[in-house]
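One structure is given here, and the rest of the page talks about it.
In what follows, every heavy atom counts, from backbone to side chain, and hydrogens, waters and symmetry copies are set aside.
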Amino acid sequence: MSETQSDERVETDGEVTTVRTTPADAADPVIVERPVERTVIGSTAPTTAVSTGRGVLRLILGALGAAGLFVGAFLAWVNDINGIDLSNRVFFTTDVRATTQFLASAGAITIAIGLVALLGLTLINGWVVRLAGMAGIIAFVLSVISMARAEGFSLPQDIGIGLWVLLAGSVLTMIAGFVPTTRVVERPSVITTA
């Protein structure tokens, strides 16, 4: 650089600009721009946080659904036979008959499904609750199919209130399993300039 030239450094908006002037062309300075290098020294990916409102909604729907599964077991399913007095064979044969053994009853199976739904509410993800709701719906469908195939039943008149409560509880349980309990929290990246 000759003695007649001078450099002046100007910083605007975080960018450094060098202005070179000479006495001969002081009116027309030469501008030399150098980009500022920016480096990211830390960034965080979006994370999830538990949402209290959604968790309460899932808890309420799941508890109501499980209650429907429990209560439906004690109400009439077929010909004024309660679910806990009906043989579990109603799910896979046309032999719709009563039983005296609680553990061999259709109602015991729906109570077990309700217990699984309640236990599933303790988890963050809802797959266990959805699975319990689906099992209850399958129990309802299998019972109705057995009644349709058996002689002497007129559907839907012969479907007892217990089966309808079972279906309603299962649907509520299924909906509870799809309610998300978390939300995405975005955190901005930390950027520094060098």
Calculate, to the nearest 0.5 Å, the distance between atoms [atom1] and [atom2] belonging to [X] and [Y] respectively.
{"X": "S105", "Y": "I81", "atom1": "OG", "atom2": "CD1", "value": "12.0 Å"}
{"X": "I138", "Y": "L142", "atom1": "CD1", "atom2": "CG", "value": "7.0 Å"}
{"X": "T94", "Y": "M147", "atom1": "OG1", "atom2": "CE", "value": "12.5 Å"}
{"X": "I113", "Y": "L131", "atom1": "CD1", "atom2": "CG", "value": "9.0 Å"}
{"X": "N88", "Y": "T110", "atom1": "CG", "atom2": "OG1", "value": "11.0 Å"}

Do [X] and [Y] share a hydrophobic cluster, counting only Ile, Leu, Val, Met, Phe, Trp and Tyr and linking them when any side-chain heavy atoms are less than 4.5 Å apart?
{"X": "F91", "Y": "V116", "answer": "no"}
{"X": "L167", "Y": "I161", "answer": "no"}
{"X": "V128", "Y": "I137", "answer": "no"}
{"X": "V71", "Y": "I159", "answer": "no"}
{"X": "L119", "Y": "I124", "answer": "no"}

S170 and its side-chain contact (heavy atoms from CB on, under 4.5 Å) partner, picked from T173, L172, L166: L166
Passing option when V78 is tested against V96, D85, V144 for side-chain contact (heavy atoms from CB on, under 4.5 Å):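 That would be V96.
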Aromatic plane relationship, W164 with F140 - under 30° parallel, 30 to 60° tilted, over 60° perpendicular: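 Taking W164 first and then F140, their aromatic rings sit tilted (interplane angle of 30° to 60°).
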Side chain R89, main chain A104, donor-acceptor under 3.5 Å: no
Neighbour count >12 (heavy atoms, 6.0 Å) for atom CD, Q157: yes
Might you point out which heavy atoms bring [X] and [Y] nearest each other, and give the distance in Å?
{"X": "A106", "Y": "W77", "value": "CB-CZ3, 3.6 Å"}
{"X": "A176", "Y": "L61", "value": "CB-CB, 3.6 Å"}
{"X": "A117", "Y": "A66", "value": "CB-CB, 4.5 Å"}
{"X": "R130", "Y": "M174", "value": "O-SD, 3.4 Å"}

Remaining members of the apolar cluster that contains F102, side-chain heavy atoms under 4.5 Å: L59, F70, F74, I84, L103, I111, L115, L118, L121, V129
